[in-house]
Amino acid sequence: MKYLIMIGGVISGLGKGITTASIGRILQSRGYRVTAIKIDPYLNCDAGTINPFEHGEIFVTEDGGEIDLDMGHYERFLDVNLTKSHNITTGQIYGEVIRRERRGDYLGQTVQIIPHVTDLIKSRVRQVARESRAEICLVEVGGTVGDIESMPFIEAMRQLSLEEKKEDVAFIHLTLVPVLDVVGEQKTKPTQHSVKQLLAAGISPDILICRSRSPLSENAKRKISLFCNVPENAVISAPDVENVYRLPLLLDEEGLGDLLVRRLDLENRGRNMSGWKEVVERMERATRVVRIAMVGKYIRFPDTYLSINEALKHAAGVNDCRVEINWIDAERFERSGGDLEMLRSYDGVLVPGGFGQRGSEGKIAAIAYAREHSIPFLGLCFGFQLAVVEFARSIGMKGANSTEINPRTPHPVIDLLPEQKKVAEMGGTMRLGAHEVIISRGTRAFQIYGRERISERHRHRYEVNPRYIGRLVRKGLVFSGRSADGRRMEILELPGREFFLATQFHPEFKSRPGKPAPVFDAFIKAALKGK
Ligand code: GLN
């Protein structure tokens with residue numbers, strides 16, 4: 001097993017996840033089996049209990065992990081399904097060490113960060129790498145070097161490199177090279193300082209990847225090489241890109257692939273990036289634009305809907321168009337005289353997942369508008385539930401709602417799943433991960449998926465109240481997808497329209513460049529048609 005450790009420096013938010021995923025793609029295109037681990041140095045056991053304002057979207061894995069969004073980049077770039085064990089957090093590690101201490105596993109010893117915590121980190125990393133049957137395991141350490149909370153992880157990685165053969169572990173440091181507007185020169189000092197921090201932790205980086213607005217100048221490269229003790233060809237320039245899927249191609253052109261092959265002493269298996277390149281170029285070639293209104297609550301921070309944005313881009317890519325996504329604060333439609341009319345200028349309306357009362361009436365108003373004006377509509381999870389609420393109200397169930405929003409609604413068309421009623425703890429207790437969905441023949445959903453049995457990822461506590469299904473269906477709402485036992489409603493559609501469809505599950509998590517989620521593909525096609 002070869003380990004490639006990614007550690008960030010200077011500032012957070014440099015795109016370490018995308019860079020890690022891109023490196024994975026480069027290695028994969030050279031014929032190696034690659035997997036990736038993300039380390040998050042926070043005390044939460046997983047990302048499921050964190051407000052998406054903090055770290056962005058909560059990504060859901062097949063096995064029901066609620067994890068860091070970087071894992072979504074890994075899945076999309078590597079076209080693999082990862083499990084929740086690929087996301088290691090401080091909470092998991094400390095929790096386990098404390099459990100072991102209580103059990104008496106360390107009897108007689110003083111339990112300490114070194115070696116007990118660091119040992120457990122190493123063994124978890126090795127175990128995940130082994131179980132994934134990969135040849136190369138990328139390990140992305142979250143945070144920036146120097147943060148107190150990432151120290152035990154960085155120390156564990158130092159120890160790992162000591163225990164493994166030199167050619168089996170390499171360190172990549174990702175830094176920022178800013179430009180000061182007044183002088184217009186690329187400044188290397190932050191990178192120098194960051195490398196010093198890393199050296200103080202006992203790690204000498206093998207490769208530096210430097211984020212900058214434009215490609216690194218020869219001068220900046222030379223300087224960084226000299227001051228940071230890294231050969232000039234191992235100073236890799238990572239300029240801003242408009243399309244993140246281009247990054248693997250750019251980094252490979254910079255020589256990163258060859259460098260890694262040499263450093264990790266890998267056998268030469270050739271190189272084939274052509275498939276990826278084709279997908280990327282097709283995405284970038286398109287000139288037609290579809291405009292999608294995304295009506296949500298967490299609009300100020302686009303990362304909260306990262307996988308949806310990506311799924312829309314994937315779908316646009318294979319339909320030879322570009323997608324312009326406008327995030328619209330649902331609350332603007334709640335004010336009297338809310339300008340719903342503005343939705344008319346869009347080719348499609350999307351109501352994504354969400355939680356809680358705030359903005360829900362605005363989302364319902366947007367759904368009603370899309371339905372009444374035949375604007376292609378896609379609802380996801382909460383968006384699905386609110387589409388049910390909206391439909392119920394439209395057939396005369398005044399005040400219909402989800403009990404999540406109004407526990408005293410006269411028509412609780414959306415209610416807690418029965419098994420949720422006794423759930424007391426919040427962490428990891430929703431209906432999570434991949435579940436089978438059975439699609440009825442002769443429906444739009446069947447057209448879209450082309451088969452009866454599909455599997456999609458979930459993350460919800462509420463569902464369509466079984467008591468109302470009969471009434472809704474009699475009035476024309478079609479539940480075209482149901483859970484395998486037939487009890488849970490999974491897909492809804494309104495027949496006779498271009499596109500009015502919503503899913504209880506999250507199709508966005510399985511979408512990949514060149515292979516969009518079928519629901520998104522159909523939505524974009526419908527949006528294009530209406531232009
Ligand atoms: N709040 C809703 C539920 O818990 C929807 C969740 C979601 O959109 N992910 O069921």
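Numbers here are sequence positions counted from 1. The structure presented is a predicted model; accordingly, all values stated were derived computationally and were not measured.
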Distance-only criterion, 3.5 Å: show the donor-acceptor pairs between side-chain atoms of residues 226-234 and protein atoms not counting sequence neighbours.
none

**Message:** Going by salt bridge (charged side-chain N to carboxylate O under 4.0 Å, His left out), name the residues that satisfy it together with Asp147, two or more places apart in sequence or in a different chain.
**Reply:** none

**Modelled atom types, side-chain donor and acceptor of Ser85 and Arg124, under 3.5 Å** = no

**Fill in**
Contacts of Arg103 meeting side-chain contact (heavy atoms from CB on, under 4.5 Å) (sequence neighbours excluded), chain-then-number -> Arg100, Asp105

**Prompt:** Please, which pairs that meet salt bridge (charged side-chain N to carboxylate O under 4.0 Å, His left out) have at least one residue in residues 60-74, sequence neighbours excluded?
**Reply:** Lys38-Asp68, Lys38-Asp70, Glu62-Arg457, Glu66-Arg459

**Request:** Under the salt bridge (charged side-chain N to carboxylate O under 4.0 Å, His left out) rule, collect the residues that match up with Glu135, sequence neighbours excluded.
**Result:** Arg269

**Request:** Return each pair, listed once, that meets ring-ring contact (aromatic ring centres under 6.0 Å, His included) where at least one residue sits in residues 17-52; pairs must be two or more places apart or across chains.
**Result:** Tyr42-His55

**Item:** Residue pairs, two or more places apart or on separate chains, that pass ring-ring contact (aromatic ring centres under 6.0 Å, His included) and touch residues 62-96
**Value:** Phe77-Tyr245, Phe77-Trp276

**Asked** Looking at residues at least two apart in the chain, or sitting in another chain, which of them share a side-chain contact (heavy atoms from CB on, under 4.5 Å) with Lys313?
**Response** Met283, Glu310, Val323

**Partners passing salt bridge (charged side-chain N to carboxylate O under 4.0 Å, His left out) against Lys221 (at least two apart in sequence or in another chain)** = Glu254

**Asp206/Arg262 ion pair, N-O < 4.0 Å** = no

**Item:** Counterpart residues, side-chain contact (heavy atoms from CB on, under 4.5 Å), relative to Ala201 (two or more places apart)
**Value:** Ile154

**Pair Glu163 + Arg126, salt bridge at N-O below 4.0 Å** = yes

**Message:** Per the salt bridge (charged side-chain N to carboxylate O under 4.0 Å, His left out) rule, what does the pair list look like for residues 190-204, sequence neighbours excluded?
**Reply:** none

**Message:** For Lys223, give me all partners under salt bridge (charged side-chain N to carboxylate O under 4.0 Å, His left out), at least two apart in sequence or on another chain.
**Reply:** none

**Distance-only donor-acceptor check, side chains Asn87 and Asp46, under 3.5 Å** = no

